[in-house]
Protein chains: 2
Amino acid sequence: MSESLKTTSVPQAVYDALRESIVTSAEAPGALLTETAIAVRYGVARPTAKAALERLVSEGLLSRRPHHAAQVTELSRDDIEDLYGNRALLEEAALGILASDGVVPIAALSVHRELLEHARADNRAALARTDVEFHRALVLAQHSTRLAKMHGLLMGEIELCIGQVQSHQLIRPDEIAEQHQSILDAVAARDVDLAARLTREHIIYARDRLLQKYDDDHSEDS
Amino acid sequence: MSESLKTTSVPQAVYDALRESIVTSAEAPGALLTETAIAVRYGVARPTAKAALERLVSEGLLSRRPHHAAQVTELSRDDIEDLYGNRALLEEAALGILASDGVVPIAALSVHRELLEHARADNRAALARTDVEFHRALVLAQHSTRLAKMHGLLMGEIELCIGQVQSHQLIRPDEIAEQHQSILDAVAARDVDLAARLTREHIIYARDRLLQKYDDDHSEDS
DNA sequence: GCTCGTACACTTGCTAGACAATGTCCGAGT
DNA sequence: ACTCGGACATTGTCTAGCAAGTGTACGAGC
């Protein structure tokens, strides 16, 4: 007990670990997670595990019926469309605010550079993760706390979505990077309409690639 | 134990009761709510009270620092603008969807009739409550579950906002009812742009009345 | 052989109590 | 007047356990 830096609270740590294993699909969709199983896995008491599970349920990553074990949410095609439609709405608004202020957020810039690195190395898994981080950084940069909160809620499920459909397999790194650059340019140029339009197109583009992969995966069975 | 229908779970009941007393400003903004105090007030165990408090914190109705009692969130002028700005964004999108489908939701219609009753009786408190319910019903009627979830999150804080600024005092019942009717008409006529525009104007109108009252209340002190 | 009902195992719902860790505040000593 | 120390309040987390709901599998009856 000397090496642990006690970075956060115990339930937070359990939540983080559990969330990570869910969005990376280490826990398959539909997998059952009982409170006691989580408790023994991370060496915590059952109420602690329960708190982490309930939080994940409220964020939509887990589902549960009253007296049953929680299970990893299985996203349908409609869910994907819903998620990305609302994401487009929110990010379009966020980028509009950023562009009208003409402030290019430095946090997003550094993430963008990191993303370029991954693109050059053709590391698609890392790129998918950094892509999410880039969009988070953009939305966090504008001042509306509620917009950021709602966006965070959506992005949680979107990460799960990206994990379940292994969409990073068909990502085109150069296109992603280029689209991000265009958006940043529009913000710097204070072109509100362009920034909003490019953002929506970028997200719809991502959605379509996801849906395409989803359909491919689901065409052989049934 | 024969008359109680056991309508919901215990934490849910505590949550409901607590939420009610918060949004009605029975608990003044800034009031301290300790876990033990809530537990004894409702005759439940401390973990149960804790769960209810944590849920309210996650919804923004309560604030808390790590080892301190939770307290009722005090909304600032910026918070009001933020809440209503995002509310306009979401409801504009929701009404756009409804109008493009051309389906006037029956749930919203019945709430609208109830609202007309309150308007006729000039019961402003009930009207404010029904107004919120009307907007919830509208958003619930479109099919996007995420949009409804995010809207619900916002409306929680908005109810608190309405309670803190006693805004119902300066509501004009006839104007509210008329604006709602116009929106419903636009949806029935499948006029997407009009429905969206009227919705935004209606919300901005409500926001401005709220801000006006807020400024009046805060001009004498300081 | 099939259907129905019952009992059991699993899991959560909720409670009780305890101890540790932390933050606040007030008073004592300098 | 200022600093330091300790008491108090509050939450964080754990252990323990009972009650209640749900599904399943087994056995009885037809």
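First the proteins, then the strands, lettered A, B, ... as listed; each starts at 1.
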Q: In whole angstroms, how far is the P atom of D:dG23 from the CD atom of A:Q71?
A: 12 Å
Q: If every non-hydrogen atom of A:Q142 is compared with every non-hydrogen atom of A:S144, which pair is closest and at what distance?
A: OE1-N, 2.8 Å
Q: Side chain of B:A69 only, please: which of D:dT11, C:dT15, D:dC14 is the nearest?
A: D:dT11
Q: Have a look at B:P66 and say if it touches a base, only the backbone sugar-phosphate, or nothing, with a 4.0 Å heavy-atom cut-off.
A: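 Since only primed, P, OP1 and OP2 atoms lie under 4.0 Å of B:P66, the category is sugar-phosphate.
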Q: Please report the distance, rounded to the nearest Å, between CZ in A:R65 and P in C:dC10.
A: 18 Å
Q: What's the CZ-P distance between A:R46 and C:dT12, to the nearest Å?
A: 7 Å
Q: A:R64 has an atom CZ; how far is it from atom P of C:dT12, in whole Å?
A: 6 Å
Q: Hey, is the side chain of B:H68 poking within less than 4.0 Å of OP1 or OP2 on D:dA9, counting only N and O atoms?
A: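 False: B:H68 side-chain N/O out of range (4.0 Å or more) of D:dA9 OP1/OP2.
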Q: Among C:dT15, C:dC14, D:dT15, which is the nearest nucleotide to the side chain of A:A45?
A: D:dT15
Q: Could you check A:P47 against A:H67 and say which one's nearest nucleotide on DNA chain C is further toward the 5' end?
A: A:H67
Q: Between D:dC14 atom P and A:Y42 atom OH, what is the distance in whole Å?
A: 15 Å
Q: Measure from OH on A:Y15 to P on D:dT13 and round the result to the nearest Å.
A: 16 Å
Q: Assess whether a salt bridge exists between B:R77 and B:E81, defined as any Lys/Arg side-chain N lying under 4.0 Å from an Asp/Glu carboxylate O.
A: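 Judged by the 4.0 Å cut-off on N to carboxylate O distance, B:R77 and B:E81 do form a salt bridge.
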Q: Any ion pair linking A:K149 and B:E59 (charged N to carboxylate O, less than 4.0 Å)?
A: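 No, B:E59 and A:K149 are not salt-bridged.
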Q: What residue among A:H135, A:E92, A:E91 forms side-chain hydrogen bond (donor to acceptor under 3.5 Å, both in side chains) with A:H202?
A: A:H135
Q: Check A:D216, A:D215, A:D217 against A:K213 for a salt bridge (charged side-chain N to carboxylate O under 4.0 Å, His left out) and give me the one that passes.
A: A:D217
Q: Find the distance B:E35:CD to C:dA16:P and express it as a whole number of Å.
A: 15 Å
Q: Without decimals, in angstroms, what is the distance between B:L32 CG and D:dC8 C1'?
A: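 Those two atoms, CG and C1', are 16 Å apart.
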Q: OP1 or OP2 of C:dT12 less than 4.0 angstrom from a side-chain nitrogen or oxygen of A:K50, does that happen here?
A: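 Checking A:K50 against C:dT12: no side-chain N or O falls below 4.0 Å of OP1 or OP2.
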Q: Taking the side chain of B:V10 as its heavy atoms from C-beta onward, which of D:dT10, C:dT15, D:dC14 lies nearest to it?
A: C:dT15
